[in-house]
Amino acid sequence: HFANKMPILDVKIDYAMPWQRQHWRSIDAAYSGSPYFMYFQDYIRPFFEKKFEFLFDFNTELTTTILKLMGKNFQPTRTNEFILDYTEQEDIKDLRAAIHPKLRNETDYPFKHRIYSQIFEDRIGFVPNLSILDYLFNEGQHLQ
């Protein structure tokens, strides 16, 4: 809860409300019947029990864990400075604009979701753009 812009590294997590317990209960309720929930839950649940001081640390550690669970040998790193345009550096693939929540339903959006089995698909059809947890719990680590 802040009004002024601040560096993402300085954003602290507020534990005044039991958001972790609420999130985990929602995840458990939604995915406990999915094919891979039992396999992956012990890797994901600690993020909803451990108290992280900073949001950046929570996000980085969760991202690293999910990448490992997906079988990706990739360790996120952070830059020391903001670079607006990476076009002159051939060894860097800039994906900052590849996924954008406000544009994801546009027909010319560069990121195209892959259709996979979802737990409630038989009742409501395929729902795109849910989360990586939805994919992980329903499909396992078969992402290419």
Side-chain angles (χ1 to χ4, degrees), residues 1-2 6-87 89-144:
H1 302 286
F2 56 89
M6 64 179 4
I8 189 70
L9 289 173
D10 296 336
V11 177
K12 290 186 176 186
I13 298 176
D14 182 1
Y15 292 101
M17 298 293 291
W19 68 269
Q20 287 178 298
R21 186 175 65 231
Q22 292 170 346
H23 276 64
W24 182 251
R25 284 182 179 172
S26 295
I27 290 168
D28 184 57
Y31 295 108
S32 62
S34 63
Y36 294 93
F37 181 78
M38 293 299 288
Y39 180 75
F40 291 117
Q41 72 171 333
D42 290 338
Y43 298 98
I44 303 300
R45 186 185 319 108
F47 290 95
F48 299 94
E49 297 171 343
K50 180 180 175 181
K51 301 276 193 234
F52 289 82
E53 183 176 2
F54 294 98
L55 182 60
F56 185 84
D57 296 333
F58 174 86
N59 287 338
T60 301
E61 195 170 318
L62 181 58
T63 299
T64 301
T65 297
I66 289 173
L67 286 168
K68 286 179 185 173
L69 293 175
M70 298 299 294
K72 302 300 177 189
N73 186 19
F74 175 77
Q75 177 66 38
T77 58
R78 59 181 158 176
T79 60
N80 293 324
E81 62 181 318
F82 176 76
I83 298 174
L84 182 62
D85 187 8
Y86 280 102
T87 57
Q89 298 182 19
E90 294 179 16
D91 62 330
I92 295 177
K93 187 170 185 177
D94 186 5
L95 298 173
R96 291 177 291 184
I99 299 174
H100 192 286
K102 293 183 180 176
L103 303 175
R104 67 182 182 195
N105 294 321
E106 302 295 323
T107 56
D108 60 344
Y109 186 53
F111 176 77
K112 304 295 181 208
H113 65 270
R114 203 170 126 186
I115 296 176
Y116 57 90
S117 297
Q118 292 178 326
I119 197 164
F120 300 113
E121 186 176 4
D122 60 330
R123 287 175 260 167
I124 60 174
F126 179 76
V127 179
N129 302 314
L130 287 179
S131 73
I132 192 64
L133 290 180
D134 184 73
Y135 184 89
L136 188 66
F137 292 148
N138 283 298
E139 288 289 310
Q141 53 178 249
H142 308 292
L143 188 63
Q144 297 296 328

Contact between [X] and [Y] at the side-chain level, heavy atoms closer than 4.5 Å - yes or no?
X	Y	answer
Tyr135	Arg114	yes
Ile8	Asn59	no
Ile13	Trp19	yes
Asp28	Phe37	yes

**Crowding at CZ, Phe126 (>12 non-hydrogen neighbours, <6.0 Å)** =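 More than 12 heavy atoms, drawn from other residues, nucleotides or ligands, come within 6.0 Å of this atom.
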Measure the spacing between [atom1] of [X] and [atom2] of [Y] and express it to the nearest 0.5 Å.
X	Y	atom1	atom2	answer
Lys51	Gln20	NZ	CD	4.5 Å
Asp134	Tyr31	CG	OH	3.5 Å
Asp10	Leu55	CG	CG	11.5 Å
Gln41	Phe137	CD	CZ	7.5 Å

Would you please name every residue forming a side chain to side chain contact (heavy atoms under 4.5 Å, CB included) with [X], sequence neighbours left out?
X	value
Phe120	Arg123, Ile124
Phe54	Lys12, Asp57
Ile119	Ser34, Asn138

**Asked** Do you know the tightest heavy-atom contact between Thr65 and Phe47?
**Response**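 Smallest heavy-atom distance, with atoms named: OG1-CZ, 3.3 Å.
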**Request:** Examine distances only and state if a side-chain atom of Glu139 and a backbone atom of Tyr116 form a donor-acceptor pair shorter than 3.5 Å.
**Result:**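 No.
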**Side-chain (Tyr15) to main-chain (Glu53) donor-acceptor, under 3.5 angstrom** =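 Checked: no pair found.
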